[in-house]
Amino acid sequence: MYNFKEVMSRPERLAGGHRMCAGCGGTITVRAVLRALHPEDKAVIANATGCLEVSTFIYPYVAWKDSYIHNAFENAGATLSGVEAAYNVLKRKGKVDNTYKFIAFGGDGGTYDIGFQSLSGAMERNHDLVYVCYDNGAYMNTGIQRSSATPHFADTTTTPVGSESNGKMQNRKDLAEIIASHHIPYVGQTTFIGNFKDLHEKAEKAIYTPGAAFLNVMAPCPRGWRYPTEDIMEICKLGVETCYWPLFEVIDGKWVLNYKPKNKLPVEDFLRPQGRFKHLFKKGNEDLIEQFQKEVDERWEQLLRFCEE
């Protein structure tokens with residue numbers, strides 16, 4: 001049974017004083033996921049290169065209170081696989097008594113793209129670890145370049161909007177579905193909603209389900225998405241209520257829809273507050289919003305079929 005008061009009273013495992021931006025979705029994700037760890041358990045954290053790594057680990061200082069490994073962009077999944085395998089050997093030999101959990105964090109650039117091969121390998125081998133993607137929809141650390149997680153028509157520095165371009169011309173990759181096709185024990189998609197209950201519960205399931213687990217967390221970036229910092233919770237709510245970012249789980253192959261809006265909002269409600277989509281609302285671009293809505297609707301209908309809704 002979820003006990004909000006008990007969960008929120010657990011000690012922080014990410015110290016303050018790091019250099020992440022105010023209102024960053026990445027650090028909100030980390031704090032919420034690590035809060036799902038039982039206080040008596042220890043953790044080993046792997047972190048793919050990105051905003052989170054460069055801002056929480058500036059030698060000789062580190063914001064992480066658990067064992068922490070900075071990985072290259074491409075190998076967080078492989079590194080943590082090796083650590084988890086070594087831990088199992090030491091445990092069998094009686095050289096380790098404590099219970100350790102293994103958690104990797106990576107942005108969408110290090111997860112959807114550069115680190116996908118090592119992530120896929122870790123999932124296929126079913127290592128007892130959790131990979132958490134804080135999906136902010138671009139390579140934010142190096143200047144807001146597009147990734148395969150970047151939404152259709154988003155304005156980034158490598159898909160700039162202008163007289164010859166309407167932003168990114170490709171659809172966003174559905175990584176949660178791809179990882180679910182590895183037939184691992186647990187996949188969850190979530191974001192910052194209400195009192196974080198959905199994120200907390202899914203993080204605990206992911207950490208304490210034996211075998212490989214994957215969490216995809218929409219983690220808005222005020223700088224890259226261009227919205228007022230204080231509006232992050234509203235942005236996340238609109239992502240869910242428009243079905244751009246649905247909340248679901250895949251548990252041992254069974255798809256489960258966690259939330260179905262009573263009144264599904266048009267996707268333009270999610271797009272309008274974000275500066276990266278302001279060009280969509282110029283006269284003559286109505287068809288672009290229609291294309292975006294069509295994509296969202298098709299993916300939502302597919303998800304309902306997967307969940308047998």
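These numbers were taken from a predicted model, which means no experiment stands behind them. Reckoned from all heavy atoms, side chains included, excluding hydrogens, waters and symmetry mates.
At a cut-off of 3.5 Å, with distance as the only test, a side-chain donor of E241 or Y259 sits close to an acceptor on the other residue. In summary, the side chains of T190 and D198 do present a donor paired with an acceptor at a separation below 3.5 Å, with no hydrogens or angles considered. For D108 and S147, the side-chain atoms include at least one donor-acceptor pair closer than 3.5 Å.
Side-chain contact between F292 and V296 is present, with at least one heavy-atom pair separated by less than 4.5 Å. Using a 4.5 Å heavy-atom threshold, the side chains of N141 and L52 count as separate. Side-chain contact check for D174 versus R299: some heavy-atom pair is nearer than 4.5 Å. Looking at W300 and T242, their side chains never come closer than 4.5 Å, going by heavy atoms from C-beta outward. Contact annotation: the side chain of E268 approaches that of F281 to within less than 4.5 Å [non-hydrogen atoms, C-beta and beyond].
Criterion: ILVMFWY side-chain heavy atoms under 4.5 Å apart, direct or through other members. Under it, I114 and L175 are not part of a common hydrophobic cluster. If you chain together hydrophobic residues whose side chains sit under 4.5 Å apart, I45 and V62 fall into the same group. Side-chain heavy atoms closer than 4.5 Å link hydrophobic residues (I, L, V, M, F, W, Y) into clusters, and following such links, even through other members, never connects F73 to V132. Connection of V83 to L90 is established within a shared hydrophobic cluster, with ILVMFWY side chains joined at heavy-atom distances below 4.5 Å, either directly or through further cluster members. Connection of F153 to Y139 is not established within any shared hydrophobic cluster, with ILVMFWY side chains joined at heavy-atom distances below 4.5 Å, either directly or through further cluster members.
The two residues Q117 and E74 come nearest to each other via the heavy atoms NE2-O, 3.2 Å. Of all heavy-atom pairs spanning N136 and A219, the tightest one is CB-O, 3.1 Å. Contact record, G23 with T229: CA-CG2, 3.7 Å, taken as the closest heavy-atom pair. In terms of heavy-atom proximity, A63 sits nearest to H18 at CB-CB, 4.0 Å. The shortest heavy-atom contact between S120 and H182 is OG-NE2, 2.7 Å. What you find for I69 and T79 is that their closest heavy atoms are CG2-CG2, 4.0 Å.
The one candidate from Y134, Y131, Y112 that meets the side chain to side chain donor-acceptor pair (under 3.5 Å) condition with N216 is Y112.
Residue H279 holds its NE2 atom at 6.0 Å from CG of D155, rounded to the nearest 0.5 Å. To the nearest 0.5 angstrom, M140 atom CE is 9.5 Å from R223 atom CZ.
Residues forming a side-chain contact (heavy atoms from CB on, under 4.5 Å) with E84 (at least two apart in sequence, or on another chain): N88, F102, H127, D128. Considering only residues two or more places apart in sequence or on other chains, Y208 meets the ring pair (Phe, Tyr, Trp, His ring centres under 6.0 Å) condition with H38.
Aromatic ring orientation, Y68 versus W64: parallel (interplanar angle below 30°, classes split at 30° and 60°).
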Output, in order, the C-alpha distance, side-chain angles, deciding distance and verdict of salt bridge (Lys or Arg N to Asp or Glu O under 4.0 Å) for R172 and E295.
-> CA-CA 10 Å; R172 179 179 60 86; E295 178 191 342; 5.7 Å; no

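With F116 as the aromatic partner, K173 meets the cation-pi criteria of under 6.0 angstrom to the ring centre and within 45 degrees of the ring axis.
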